[in-house]
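Inspection log for the structure reproduced underneath, given as structure tokens.
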Amino acid sequence: MDYQSDVAWLRGLAKSGSFASTQPERVLARLLTMTDDPSRFGFRCLGGGYFGNVYSHKKTPDTVYKLCFATFGGYRRGYYSTFIKEASDGYAGWAQLCAEYQREYGKQDFLPDIKEIIHDAKCSVYVMEILDELPDEAEGMGWAMFFNEFFETGDEKYGPDDPTYPYYDDHPSWEGLVDFRDWLTDRQPSRETMWDIHLGNIMMRGGIPVLTDPWAHVNPNCIRASSLNRKLNN
């Protein structure tokens with residue numbers, strides 16, 4: 001894929017992904033793409049992972065900003081300053097699918113409410129509602145294992161033998177979750193994609209567990225990537 005097609009795809013995705021945001025959120029999200037020191041502009045880092053960090057700002061107390069530098073990575077500098085294609089974190093595709101699904105079917109209890117998606121040359125910012133942390137590790141592990149079995153293996157019930165994990169036979173939004181899994185079947189990347197469901201990507205909306213970031217290291221050459229993941233498919 002050449003540079004020009006990359007730029008065209010990013011512009012199209014940014015245009016289709018920008019929706020339902022208030023002006024302060026949009027301004028703050030754009031500001032995050034322009035600074036190397038978010039704290040200087042009042043952002044507070046809530047946490048981070050391998051591919052990005054999550055920030056809050058006092059001007060938008062119900063909103064968080066997920067800043068990813070490797071979302072459209074897929075490349076690293078190799079020998080002789082050439083660029084080599086490698087895996088991406090997959091959040092671009094997941095966020096876009098969540099946004100598309102909520103536009104079509106309404107907000108879902110088990111998915112993050114993504115208000116805005118901004119793709120810039122060096123990074124991406126995802127504007128979304130703030131969620132609650134897991135109440136405790138045991139319950140978090142139970143829900144992580146439930147989601148993992150449900151999406152990765154197709155099992156609809158999970159009863160771990162380990163007594164330290166609580167038993168979850170279904171999700172509070174069970175029917176909607178089943179519908180989403182069926183809808184996702186033909187839209188997610190190939191089986192080469194790593195489902196990466198653990199304590200760090202399960203959060204709570206009240207008493208309902210939300211699946212926030214389940215893909216990692218999406219193969220850039222996966223053959224089943226939809227148009228939402230077009231860059232990963234070329």
Heavy atoms, side chains only, cut-off 4.5 Å: are [X] and [Y] in contact?
X    : Y    : result
M204 : L134 : yes
Q96  : Y126 : no
V64  : H57  : no

Using the side-chain contact (heavy atoms from CB on, under 4.5 Å) rule, take L28 and L32 through it: C-alpha gap first, then chi angles, then the decisive distance, then the call.
-> CA-CA 6 Å; L28 289 169; L32 269 180; over 6 Å; no
Just verifying a value: how many Å separate [X] [atom1] and [Y] [atom2], rounded to the nearest 0.5 Å?
X    : Y    : atom1 : atom2 : result
Q108 : L211 : CD    : CG    : 12.5 Å
L177 : L111 : CG    : CG    : 8.0 Å
R30  : T33  : CZ    : OG1   : 6.0 Å

Do you know the tightest heavy-atom contact between [X] and [Y]?
X    : Y    : value
N53  : C45  : CB-SG, 4.1 Å
P112 : V210 : N-CG1, 3.6 Å
I117 : A99  : CD1-CB, 4.3 Å
T212 : I202 : OG1-N, 4.0 Å
L199 : A144 : N-CB, 4.3 Å

State which residues pass side chain to side chain donor-acceptor pair (under 3.5 Å) with D37; sequence neighbours excluded, sorted by chain then number.
-> S39
Kindly assign one of parallel, tilted or perpendicular to the pair F147 and F151, based on the angle between their ring planes and the thresholds 30° and 60°.
-> parallel
Parallel, tilted or perpendicular: rings of F180 and F110 (30°, 60°) |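 Rings of F110 and F180: tilted, 30 to 60°.
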State, without any angle test, whether T63 and E25 hold a side-chain donor-acceptor pair at a distance under 3.5 Å.
-> yes
The ring-ring contact (aromatic ring centres under 6.0 Å, His included) partners of Y55 (sequence neighbours excluded) come to none
Is the backbone N or O of P209 less than 3.5 Å from a side-chain atom of H171, with the two atoms forming a donor-acceptor pair by type?
->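 The answer is yes, because a donor-acceptor pair under 3.5 Å joins these two groups.
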Any donor-acceptor N/O pair, N201 side chain to H198 backbone, under 3.5 Å =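 Pair found, side chain donor or acceptor close to backbone of H198.
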Got a sec, which pairs hit salt bridge (charged side-chain N to carboxylate O under 4.0 Å, His left out) with one end in residues 194-210, sequence neighbours left out?
-> E129-R205
With sequence neighbours excluded, tell me which residues meet salt bridge (Lys or Arg N to Asp or Glu O under 4.0 Å) with [X].
X   : answer
R44 : none
K59 : none
D36 : K122

Ring center gap for W215 and Y91 short of 6.0 angstrom =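 Aromatic pair excluded; centres sit 6.0 Å or further apart.
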